[in-house]
2 protein chains.
Amino acid sequence: MDVRTICLGILTRGDATGYEIKKLFEDGRFSYFVEASFGSIYPALSRLTEDGLVSVREEAGGRRPDRKVYSITEKGKSTFVAGLNGPMPDDRFRSPFLFAMMFSNFLDQTRIAAMIDGYIADTEAKLAQITCECGRPCNAQEAFICGYGRTAYSAVLGFLKERRKEFKTDAAIAAAE
Amino acid sequence: MDVRTICLGILTRGDATGYEIKKLFEDGRFSYFVEASFGSIYPALSRLTEDGLVSVREEAGGRRPDRKVYSITEKGKSTFVAGLNGPMPDDRFRSPFLFAMMFSNFLDQTRIAAMIDGYIADTEAKLAQITCECGRPCNAQEAFICGYGRTAYSAVLGFLKERRKEFKTDAAIAAAE
DNA sequence: CCCGAGCTATATCAGACCAATATAGCGGAG
DNA sequence: CTCCGCTATATTGGTCTGATATAGCTCGGG
C-alpha cells in the first residue's frame, strides 16, 4: 500500500503530525503489515497537501522545528474511500530467514539453531505485541486484524518449535557427550 | 534480502542467465518469500561481475540479444556464505488487504465480502502452488520452506473462511428475502 | 503464408521507498 | 555538564519497482 494512502487512512482517524502518523501505524496491532519511512512520509504529505487531499496548520509553540498538524480534506477522504473500492494490490512477504534456510546446507547446525531461535524470539515478540494491545477495547476492524496476526504467527511458531528439535547446538552435543 | 545476495544464492545452484535467475526464484515453492525485478537483477549482476563475485560468458547462437550466462566465483561463494553467517535482516510483510480491512467501516458488506473472497482465492492459489510442487523430491531445505508456507497459509485460510461467514453479500441478502 | 500470442533474453527509466543522517529542541539521570 | 531518549521536521544516496523497449523464436489459427 503506497504511503500516500497510508497517510490518508491514518488521518481519517484524526489530525496528526508526520511523526505521529508514523507512530500510529507503528502501533503494535498494525505494525506487522504496514511500514513506511520518514523519507517517504514527508514527501507524501507534501504531495497530498499540494493536491488538496490534506491541509496543514503550523503550531509555533517555541519549539524548533515547528509542529505541523495535518488534516484530511473532504476531497482526501473521498479519494481514500474510492481507493478502498478499487483494485487491491497484492500482499508482499519477504523473508531473509527463509532465504537463508533455503541454503542451510552451507551452515553448521549451531548457526541454524541460532537462526531459528532468533526467529522464534522475534515471532514471539510480535505475537505478544498483538495480543497484549488487544486487551484494550477492540472494534470489529481491529479484532479482525489482530485475529489474522495471531493466527498466522501462532501457526508459524508451532511449526518452528517442532522443527527446531531437529537441530542440535554445539552446547547440546557437548552435553550429550 | 538484497538482490545481489539472491542472485549469488541462485548461482550456487548452477550457472544461469539473468532471465533464468528470475525464473528460478519465481519457482512456486520459493516465490512466496522472495521477489526481485529485472530492473534490479541486471544492475546487480553487472555489479557482482565488476566486483569479481560472478563471471559471465556470452553465448552467441544467432539469438538477439545474446545470451549471457553467469557463474559464481570462489570469491562470490565465500562472500555469500559469510553473509549467511552475518546479521539477518528482518522479515517484511506488507498487506494492502489488511490495511483496507482496517478501514472496512468505510465499505459496504458486499465490497468486504468480495475482498475476502478474492484474498481467499489468492491464498488458495499460493497454497496449491507450494503443495503441488512439493510432489517432486524435496531436500531438507525445501521441505522446511514448504512446511512453513503450508502452515502459514493454511492457518490464514482457516481464519478467513471462519470470519467470511460474518459478511453477507447483496446476493445472499436478496436470496434470504 | 501471415499474424498474433507466448516465450526467452537483455536492458532501461521515472517514480517510490529506505536507512541513515542532520537539525532543533526538551527532560531526566548520572 | 553530558548523554540518552523522545518529539519533530527534513533530506539524500542507494535500492527497487513496474512498465516498457528491443530482438528474436515457435506454434497455432485463419
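Sequence lines set the chain letters: A, B, ... in the order given, protein chains first and strands last, and positions in each chain run from 1.
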Protein-nucleotides 20-22 of chain C N/O pairs under 3.5 Å:
none

* Asked: At under 4.0 Å, does any side-chain N or O of K22(B) touch on OP1 or OP2 of dT10(C)?
  -> no
* Starting from the C-alpha separation in whole Å, work towards a yes-or-no answer on side-chain contact (heavy atoms from CB on, under 4.5 Å) for R13(B) and M102(A). => CA-CA 11 Å; R13(B) 298 283 177 88; M102(A) 196 165 120; 4.0 Å; yes
* SB check D122(B) K126(B) (cutoff 4.0 Å) -> no
* To do: Classify the ring geometry between Y119(B) and F97(B) as parallel (under 30°), tilted (30 to 60°) or perpendicular (over 60°).
  => parallel
* To do: Using atom CZ of R47(B) as one end and atom P of dC16(D) as the other, report the distance to the nearest whole Å.
  => 11 Å
* For the pair made of CE in M1(A) and C1' in dT17(D), what is the distance, rounded to whole Å? -> 17 Å
* **Separation of atom CD1 in I21(B) from atom P in dT8(C), rounded to whole Å** => 15 Å
* Send over the distance from Y19(B) OH to dA21(D) P, rounded to a whole Å. => 18 Å
* Can the ring centroids of F93(A) and F33(B) be said to lie less than 6.0 angstrom from one another? -> no
* Asked: Does the separation of the ring centres of F99(A) and F25(B) fall below 6.0 angstrom?
  -> no
* **Contact list for DNA chain D against residues 92-99 of chain B - heavy-atom distance below 4.0 Å** => none
* With respect to the side chain of E35(B), which nucleotide from dG18(D), dC16(D), dT9(D) is positioned closest? -> dG18(D)
* Whole angstrom value for the distance that separates P of dA8(D) from CD of E59(A) -> 9 Å
* Carboxylate-amine/guanidinium contact D51(B) K75(B), below 4.0 Å -> no
* Separation of atom CZ in R57(B) from atom P in dA9(C), rounded to whole Å -> 12 Å
* Check ion pair E35(A)-R92(A) (N to O, under 4.0 angstrom) -> no
* Asked: OP1, OP2 of dA16(C) versus side-chain N and O of S40(A): anything below 4.0 Å?
  -> no
* Between E20(A) and R67(A), does at least one N-O distance fall below 4.0 Å, as a salt bridge requires? -> yes
* Does S37(B) place a side-chain N or O at less than 4.0 Å from the phosphate oxygens OP1/OP2 of dG18(D)? -> no
* T123(B) side chain vs Y153(B) backbone, donor-acceptor pair below 3.5 Å -> no
* Atom of A36(A), atom of V3(A) and distance for their closest heavy-atom approach -> CB-CG2, 3.9 Å
* Asked: Base, sugar-phosphate, or nothing: which does A44(A) touch, judged by heavy atoms less than 4.0 Å apart?
  -> nothing
* To do: Respond yes when some side-chain nitrogen or oxygen of Y42(B) is under 4.0 Å from OP1 or OP2 of dT10(C), and no when none is.
  => yes
* Asked: Are any of the side-chain nitrogens in R163(A) or E166(A) under 4.0 Å away from the carboxylate oxygens of its partner?
  -> yes
* Value in whole Å for how far the C1' atom of dG24(D) lies from CZ of R67(B) -> 14 Å
* For the helix from dC1(C)-dG30(D) to dG30(C)-dC1(D), how many degrees between its two end axes (five pairs per end), to the nearest 10°? -> 20°
* Structure fact -> Here the distance between atom P of dT9(D) and atom NZ of K23(A), to the nearest Å, is 13 Å
* Asked: Do the charged groups of D91(B) and R94(A) touch, with an N to O distance under 4.0 Å?
  -> no
